[in-house]
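Scope of the values below: all heavy atoms of this structure, side chains included, with no hydrogens, waters or symmetry mates. As the structure lists them, so they are numbered: ligands from 1, and atoms in each ligand from 1.
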Amino acid sequence: MSEQNKKSTTDFGFREVPVEEKVKKVADVFHSVAGKYDLMNDLMSGGVHRLWKKITIEQSGARRGHTILDIAGGTGDLTMRFSRIVGPTGKVVLADINDSMLKVGRDRLMDRGVAGNVEFVQANAECLPFPDNTFDVITIAFGLRNVTDKDAAIRSMTRVLKPGGKVMVLEFSKTDNPALTKLYDFYSFNILPKMGQLIAGDSESYKYLAESIRMHPDQETLKSMMQDAGLVNCKYQNMTGGVVALHTGIKP
Ligand SMILES: C[S@@+](CC[C@H](N)C(=O)[O-])C[C@H]1O[C@@H](n2cnc3c(N)ncnc32)[C@H](O)[C@@H]1O
């Protein structure tokens with residue numbers, strides 16, 4: 001049992017809530033934003049999230065015939081790209097805990113004609129419903145910070161990864177430049193919730209987004225968590241001054 005599991009409360013943004021309440025609160029956030037999720041992503045990041053995701057795909061080593069898990073895959077940005085790479089002999093599993101996000105993802109992929117080799121599964125990253133040693137690559141993009149027991153999720157991903165396979169965690173992280181941090185804080189806490197209200201009719205969910213980013217483990221802590229789960233060659237690459245970091249680890 002991990003440290004997180006032993007605690008009776010956990011963070012939900014800057015608030016401490018009972019562990020069993022966090023899942024429901026996170027679910028409410030994504031039920032609320034699902035319909036406007038893609039539009040908000042483009043607006044909030046000025047389209048830069050596409051570049052972060054492109055770099056993730058390029059560094060994944062994914063190729064034709066591979067089996068890939070995109071956990072917390074949401075509306076399917078990474079899945080869509082992986083689907084094209086692995087081709088008809090491969091498979092991509094888009095898994096997410098939230099049925100509203102999965103539905104938007106499924107409709108979107110169907111509309112674009114890329115769902116042939118994609119399977120949609122409702123699953124919690126903490127206890128993945130797949131056999132050991134199944135996937136060549138596993139990605140979790142902007143998902144891990146929403147998970148209550150992050151250690152359990154990393155262990156679960158490691159279990160279902162094939163030996164030699166790669167786990168990739170793309171997530172908001174800690175900026176290293178004080179001027180950038182000041183600007184980023186102002187943007188996150190003042191502009192973002194207002195944009196959320198204007199576009200998605202929901203400022204609270206975007207307030208949670210800003211707070212959950214600040215509560216997420218920093219680069220070195222997350223790297224240690226991946227090592228503790230048994231992954232090797234763990235490293236990270238900061239993007240946009242550490243606003244986002246891409247962590248990778250290999251299953252020995
Ligand atoms: C910010 S979205 C990211 C979606 C997509 N990966 C992307 O990069 O655009 C976070 C996703 O994590 C999902 N999520 C939250 N907690 C989860 C959990 N414990 N297990 C699986 N998915 C989870 C949410 O439902 C949501 O779809």
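For atom 2 (S) of ligand 1, the closest heavy atom belonging to the protein is Tyr37 OH, 3.3 Å. Scanning the protein heavy atoms around atom 10 (C) of ligand 1, the nearest turns out to be Phe142 O, 3.3 Å. For atom 24 (C) of ligand 1, the nearest protein heavy atom (residue, atom name, distance) is Asp96 OD1, 3.5 Å. The nearest heavy-atom contact from the protein to atom 17 (C) of ligand 1 is Ile97 CG2, 3.5 Å. In terms of protein heavy-atom proximity, atom 15 (C) of ligand 1 is nearest to Asn146 CB, 3.6 Å.
Electrostatic pairing of Asp228 and Lys223 does not count as a salt bridge here, judged by no charged N lying under 4.0 Å from a carboxylate O.
Summarising the contacts of atom 6 (N) of ligand 1 with Ser156, Ala72, Ala34, Ala153, the nearest heavy atom is found in Ala72.
Relative to the six-membered ring of Phe12, Lys22 misses at least one condition, a distance below 6.0 Å or an angle of at most 45° to the axis. Note that Arg159 lies outside the cation-pi zone of Phe135, set by a 6.0 Å cut-off to the ring centre and a 45° limit from the axis.
Remark: distances from the non-hydrogen atoms of Asn124 to ligand 1 include one below 4.0 Å. A heavy-atom separation below 4.0 Å is not found between His49 and ligand 1.
The closest donor-acceptor contact from the side chain of Lys251 to the backbone of Val232 lies at 3.5 Å or more, if one exists at all.
The minimum heavy-atom distance linking Phe82 with Ser60 is given by the pair CE2-OG, 3.5 Å.
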